[in-house]
Peer 1: 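What follows is a single structure, and I will ask about it in a moment.
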Amino acid sequence: MRKTLAKPFSTAIATLLKTPYLPNSHSSPSFFKPPYSTFAPLPPPEWVHPFNDLSDLISAGPKSGLQPSPWVPKILLILQNTTLEEDLSVFCQKYLIKLPPSFVAYILKQSGQFPNRADTAFRFFIWAGKQKGYAHSLECYVFVIEVLCSETNFDRAKLVFDDFKSKGFLMNSSAANSLVRSFGNGGMVEELLWVWRKMKENGVEPSLYTYNFLMNGLVDSMFLESAEKVFEVMENGKVKPDIVTYNTMIKGYCKWGNLKKAIEMFQDMEARNVGPDKITFLTLMQACYSETDYNSCLKLYNEMRDKGLEIPSHAYSLVIGGLCKDGKSLEGYAVFENMVTDGCGSNVAIYTALIDAFAKNGDLEMAMGLFRRMENEGFKPDEVTYGVIVNSLCRNGRLEEALEWFDYCLRNNVVINAVLYSSLIDGLGKAGRLEEAERLFEEMGCARDSYCYNVLIDALAKNGKVDEAVNLFERMEEEGCGQTVYTFTILIDGLFRARRNEEALKMWDVMMDKGITPNSASFRALSTGLCLSGKVARACKILDELAPMGIVLESAFEDMMNVLCRAGRVVEACRLADGVVERGREVPGRVRTVMINALRKAGNDDLAMKLMHSKIGIGYDRMRSVKKRVKFRTLVVS
DNA sequence: TTAGGGTTAG
């Protein structure tokens with residue numbers, strides 16, 4: 001038997017590398033190329049059966065006349081099988097094969113092509129390391145680290161690397177590239193620096209790839225200043241920054257929220273003749289989109305078109321999505337038509353965004369037309385699309401149709417998510433159909449999120465069922481669903497409406513104690529309740545307490561003025577205006593404008609005109625020949 | 001080697 005094993009492993013591997021079964025055989029690492037003569041022998045190809053698993057392989061034995069078959073890929077498939085080590089042990093023993101490190105490295109490298117392989121790969125690596133007469137090569141370490149880092153298993157990667165360091169391998173450039181990439185992705189800076197030092201020691205010059213991997217690692221770990229330094233080194237060194245380096249830096253600035261610097265770099269690259277590519281544009285567009293700067297998104301898209309660059313489908317998604325969010329459904333549709341003309345395929349997300357935008361603009365016919373067109377083109381509407389349809393119908397008072405679509409989803413096994421449920425519960429609540437809303441809430445087929453709770457709490461509170469709303473608020477906590485600033489706003493508003501002022505104030509304190517940051521809307525609910533019950537000073541005090549916490553609510557004072565004027569409490573409004581000026585919380589000119597607008601909004605045109613034609617708020621009291629600002633109070637006194 | 005979308009509440 002041993003005699004028949006004499007055919008070298010190299011022959012088997014060489015044959016296998018040529019077979020179409022081998023995934024990505026063209027990308028096989030260079031150290032799998034000959035010479036293989038030092039490898040222990042494996043069964044010759046003619047033995048090999050088209051195995052389904054390793055047990056087949058083991059039991060096959062010599063069978064003449066069979067076609068050579070790619071058994072290595074079969075072993076790779078067995079990587080999905082947890083008994084790999086055991087099987088391989090048996091296999092190696094049976095054929096008395098000495099496990100070659102290159103084989104282990106190969107399996108580890110290939111295992112990266114399967115999802116969630118880090119655990120198996122790691123155990124395989126450990127198992128192989130324990131085999132008699134076997135020692136891991138540099139590549140084994142590099143590949144297992146690569147697999148571990150790609151699945152964010154950084155602790156294990158560190159463990160393996162500590163072992164690696166003790167072995168005293170000579171660093172080479174491909175190992176260095178891989179390690180820099182792995183450690184960069186994991187933010188393992190210490191390890192990264194070790195590799196860099198080792199490269200220097202062993203005279204391995206960093207290539208453009210090494211630099212770019214390093215840059216990407218630094219940027220992803222938010223070490224932006226270090227990335228800037230590396231960039232500088234590249235600019236002054238032999239290896240100049242290329243398009244990837246620039247794109248990585250731009251990504252860094254975007255992630256850091258420094259869009260201005262990203263744009264500067266974008267302009268700088270043009271000046272240095274490194275033309276921006278589709279990735280540069282897409283990165284910038286994504287950043288603009290995230291900052292809701294949809295206009296810049298559109299400008300970048302137009303620039304891309306002018307340059308004749310290929311426009312990726314995702315860029316269209318961003319531009320169309322941005323226009324839709326801005327309520328510009330027609331403009332969004334125009335870009336959509338460009339996309340179709342360019343031969344760039346649409347997708348469910350783009351259709352859904354357009355349907356939503358048209359529906360929000362009240363054009364339900366166009367929205368439904370797009371829905372049908374999408375279906376005719378073979379796109380299957382998903383849970384988000386149905387969510388948009390149901391929400392649009394609810395918003396437009398077409399609750400019955402929304403319910404029909406809900407039934408349709410149920411009948412056709414379409415997933416119904418919490419968004420669709422919350423839209424429907426909200427629709428029912430706003431239509432006063434509380435019982436149905438509550439029933440739907442209880443019967444929900446998925447986990448309830450804060451939206452679902454909030455819409456129902458709102459429905460209850462607005463329909464005079466404040467106790468039930470508070471019960472639901474408590475149940476929310478019991479069921480582990482986080483209360484949000486919306487929950488508190490709804491309840492504070494509801495409690496004030498029910499004249500349960502002290503409870504409303506307590507609710508505000510609970511919110512603060514929970515570390516939930518109030519916003520303009522929540523303070524509006526509180527201040528409205530307080531102002532209408534004559535406690536303007538208390539509202540001001542609470543507002544003043546927020547400032548030291550760094551919470552500045554831009555419209556707070558304006559909202560209070562509006563509420564007071566609308567309630568005809570002009571004296572209190574004037575007192576508030578004077579207080580705001582005296583505390584220097586707002587420039588007098590603006591307070592004056594706010595006051596005029598508030599009076600106008602409240603329909604009190606007479607006082608608004610009087611204020612406009614006086615020097616109140618900005619003028620000086622010359623009668624008493626003391627330079628003093630005329631108080632707003634004089635508006636109602638004189 | 002670098003980039004990745006759509007729906008909901010006060």
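Within every chain, numbering begins at 1; the chains are lettered A, B, ... in the order of the sequence lines, protein sequences first and strands thereafter. Only this structure's heavy atoms are used, side chains among them; waters, hydrogens and symmetry mates stay out.
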Peer 1: Think A/R395 has a side-chain N or O under 4.0 angstrom from the OP1 or OP2 of B/dT8?
Peer 2: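 Yes, because at least one side-chain N or O of A/R395 sits under 4.0 Å from OP1 or OP2 of B/dT8.
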
Peer 1: Under 4.0 Å between a side-chain nitrogen and a carboxylate oxygen: does that hold for A/R524 and A/E558?
Peer 2: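 Not counted as a salt bridge, because no side-chain N and carboxylate O are separated by less than 4.0 Å.
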
Peer 1: With a 4.0 Å cut-off on heavy atoms, is A/S392 in touch with a base, just the backbone sugar-phosphate, or nothing at all?
Peer 2: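 No contact at all - A/S392 keeps every heavy atom at 4.0 Å or more from the nucleic acid.
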
Peer 1: Using atom CD of A/E383 as one end and atom P of B/dG6 as the other, report the distance to the nearest whole Å.
Peer 2: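 About 14 Å, once rounded to whole Å.
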
Peer 1: Quickly work out the A/R181 CZ to B/dT1 P distance and round it to whole Å.
Peer 2: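 Rounding to the nearest Å, CZ of A/R181 and P of B/dT1 are 7 Å apart.
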
Peer 1: Out of A/Y301, A/F336, A/F281, A/Y289, which one pairs with A/Y316 under the ring-ring contact (aromatic ring centres under 6.0 Å, His included) rule?
Peer 2: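 By the ring-ring contact (aromatic ring centres under 6.0 Å, His included) criterion, A/Y316 pairs with just one of A/Y301, A/F336, A/F281, A/Y289: A/Y301.
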
Peer 1: May I ask you to decide whether A/K380 forms a salt bridge with A/E375, counting only side-chain N to carboxylate O separations under 4.0 Å?
Peer 2: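 The answer is no: the pair does not qualify as a salt bridge.
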
Peer 1: Once you round it to whole Å, what is the distance between C1' of B/dA9 and CD of A/Q483?
Peer 2: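 Value for this atom pair: 15 Å.
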
Peer 1: Would you classify A/V485 as touching base, sugar-phosphate or nothing, given that sugar-phosphate means primed atoms plus P, OP1 and OP2, and contacts are heavy atoms under 4.0 Å?
Peer 2: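 Here A/V485 touches the bases of the nucleic acid.
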
Peer 1: Taking atom P of B/dA9 as reference, at what distance in whole Å does atom CG of A/L440 sit?
Peer 2: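 In whole Å, B/dA9 P lies 16 Å from A/L440 CG.
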
Peer 1: Looking at A/D356 and A/K325, is any side-chain nitrogen of the basic one under 4.0 Å from a carboxylate oxygen of the acidic one?
Peer 2: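 Answer for the salt bridge query: no.
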
Peer 1: Categorize A/N177 for me: base, sugar-phosphate, or nothing, with a 4.0 angstrom heavy-atom threshold over every strand shown.
Peer 2: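 No contact at all - A/N177 keeps every heavy atom at 4.0 Å or more from the nucleic acid.
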
Peer 1: Listed in order of residue number, which residues of residues 461-470 of chain A have a non-hydrogen atom at under 4.0 Å from DNA chain B?
Peer 2: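 A/K462 - these, ordered by number, are the residues of the stretch whose heavy atoms sit under 4.0 Å from the strand.
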
Peer 1: Given the ring of A/Y351, does A/R373 sit roughly above its face, with NZ or CZ under 6.0 Å from the centre of the six-membered ring and within 45° of the axis?
Peer 2: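 No; the conditions do not both hold, so A/R373 does not lie above the ring face of A/Y351.
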
Peer 1: Does a side-chain N or O from A/Y421 land closer than 4.0 Å to OP1 or OP2 of B/dT7, or not?
Peer 2: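 For B/dT7, neither OP1 nor OP2 has a side-chain N or O of A/Y421 closer than 4.0 Å.
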
Peer 1: Please confirm whether any donor atom in the side chain of A/S422 sits under 3.5 Å from an acceptor in the base of B/dT8, or the reverse.
Peer 2: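 Per atom types, the contact qualifies.
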
Peer 1: What is the nucleic acid contact for A/N212, judged by heavy atoms within less than 4.0 Å: base, sugar-phosphate only, or nothing?
Peer 2: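 Base contact.
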
Peer 1: Applying side-chain contact (heavy atoms from CB on, under 4.5 Å), name anything that partners A/S422, two or more places apart in sequence or on another chain.
Peer 2: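 Counting only residues at least two positions away or on another chain, A/S422 forms a side-chain contact (heavy atoms from CB on, under 4.5 Å) with A/Y451, A/C452, A/V455.
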
Peer 1: Residues in side-chain contact (heavy atoms from CB on, under 4.5 Å) with A/N177, at least two apart?
Peer 2: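 A/N177: side-chain contact (heavy atoms from CB on, under 4.5 Å) contacts with A/S207, A/Y209, A/T210, A/F213.
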
Peer 1: Between A/K307 and A/E270, does at least one N-O distance fall below 4.0 Å, as a salt bridge requires?
Peer 2: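 Yes, this pair counts.
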
Peer 1: Short question: side chain of A/N454, backbone of A/S450 - any donor-acceptor pair under 3.5 Å?
Peer 2: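 Yes: the side chain of A/N454 pairs with the backbone of A/S450.
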
Peer 1: The side chain of A/A521 is closest to which nucleotide in this list: B/dG10, B/dT7, B/dG6?
Peer 2: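 Of all the options, the side chain of A/A521 is nearest to B/dG10.
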
Peer 1: Report the distance from atom CD1 of A/I279 to atom C1' of B/dG4, rounded to the nearest whole Å.
Peer 2: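 Atom CD1 in A/I279 sits about 10 Å away from atom C1' in B/dG4.
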
Peer 1: Roughly how many Å is it from CH2 in A/W405 to P in B/dT7, rounded to a whole number?
Peer 2: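 Distance check: A/W405 CH2 to B/dT7 P gives 19 Å.
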
Peer 1: Mind checking side-chain contact (heavy atoms from CB on, under 4.5 Å) for A/S533 and listing every partner two or more places apart, or none if nothing turns up?
Peer 2: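 Counting only residues at least two positions away or on another chain, A/S533 forms a side-chain contact (heavy atoms from CB on, under 4.5 Å) with A/N501, A/K535.
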
Peer 1: Would you say the side chain of A/I542 lies within less than 4.5 Å of the side chain of A/F523, judging by non-hydrogen atoms?
Peer 2: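 Answer yes - side chains close enough.
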
Peer 1: Looking at B/dG4, B/dA9, B/dT7, which one has an atom nearest to any side-chain atom of A/Q286?
Peer 2: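 Output: B/dG4.
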
Peer 1: Counting only heavy atoms and a strict 4.0 angstrom limit, can you tell me which residues of residues 242-256 of chain A come near DNA chain B?
Peer 2: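 Only A/D242, A/V244, A/N247, A/K251 qualify.
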
Peer 1: For A/R448 and B/dT8, is the shortest distance between a side-chain N/O and OP1 or OP2 below 4.0 Å?
Peer 2: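 So the side-chain polar atoms of A/R448 never come under 4.0 Å of the phosphate oxygens OP1 or OP2 of B/dT8.
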
Peer 1: Tell me the interatomic distance from A/I516, atom CD1, to B/dG10, atom P, rounded to whole angstroms.
Peer 2: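 Between P of B/dG10 and CD1 of A/I516: 17 Å.
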
Peer 1: At 4.0 Å (heavy atoms only), tell me whether A/V219 reaches a base, stays on the sugar-phosphate, or touches nothing.
Peer 2: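 Here A/V219 touches no strand at all.
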
Peer 1: Kindly point out which of B/dG10, B/dT8, B/dG6 is positioned nearest to the side chain of A/D449?
Peer 2: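 Of all the options, the side chain of A/D449 is nearest to B/dT8.
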
Peer 1: Let's see if you get this right: which residues in residues 315-346 of chain A place a heavy atom under 4.0 Å from DNA chain B?
Peer 2: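 Nucleic-acid contacts, sorted: A/S317, A/L318, A/K325.
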
Peer 1: Is any N or O donor-acceptor pair between the side chain of A/S522 and the base of B/dG10 shorter than 3.5 Å?
Peer 2: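 Flag unset: no donor-acceptor pair detected.
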
Peer 1: Distance check needed: B/dG6 P versus A/K380 NZ, whole Å only.
Peer 2: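 Result: 21 Å.
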
Peer 1: Among B/dG10, B/dG4, B/dT2, which is the nearest nucleotide to the side chain of A/N216?
Peer 2: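 That would be B/dT2.
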
Peer 1: Check step by step if side-chain hydrogen bond (donor to acceptor under 3.5 Å, both in side chains) holds for A/D426 and A/S423.
Peer 2: CA-CA 5 Å; A/D426 192 39; A/S423 294; over 6 Å; no

Peer 1: Closest to the A/F213 side chain: B/dT8, B/dT1, B/dG10?
Peer 2: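 For A/F213, the side-chain atoms sit closest to B/dT1.
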
Peer 1: Run the salt-bridge test on A/K514 and A/E477 with the 4.0 Å N-O cut-off and return the result as yes or no.
Peer 2: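 Judged by the 4.0 Å cut-off on N to carboxylate O distance, A/K514 and A/E477 do form a salt bridge.
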
